[in-house]
Amino acid sequence: MFQRLGVAGVVGALTLVAGLAVVAYSQPVVAVGLAMILVGTGLVVKGLATNLMRQFGFA
């Protein structure tokens, strides 16, 4: 999985987790809300990318 992300993707994912940990340390309820927003956004992007690739015949 990490080969597909590349160095920038791994650093971005670690930064995202670190930022969420900082918020969770201060405000746990807000951190849960932010995590839900991030997961939802990721699922929407995955769905859009899958449909786009299917239209071009890659999936």
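Values below: every heavy atom of this structure, side chains too, minus hydrogens, waters and symmetry copies. Position 1 is the first residue of the sequence; numbering continues from there.
Distance check: Thr41 OG1 to Met36 CE gives 11.5 Å after rounding to the nearest 0.5 Å. The OG1 atom of Thr15 sits 12.5 Å away from the CG atom of Leu20 when rounded to the nearest 0.5 Å.
Linking ILVMFWY side-chain heavy atoms closer than 4.5 Å, directly or via other members, places Val32 and Val29 in two distinct hydrophobic clusters.
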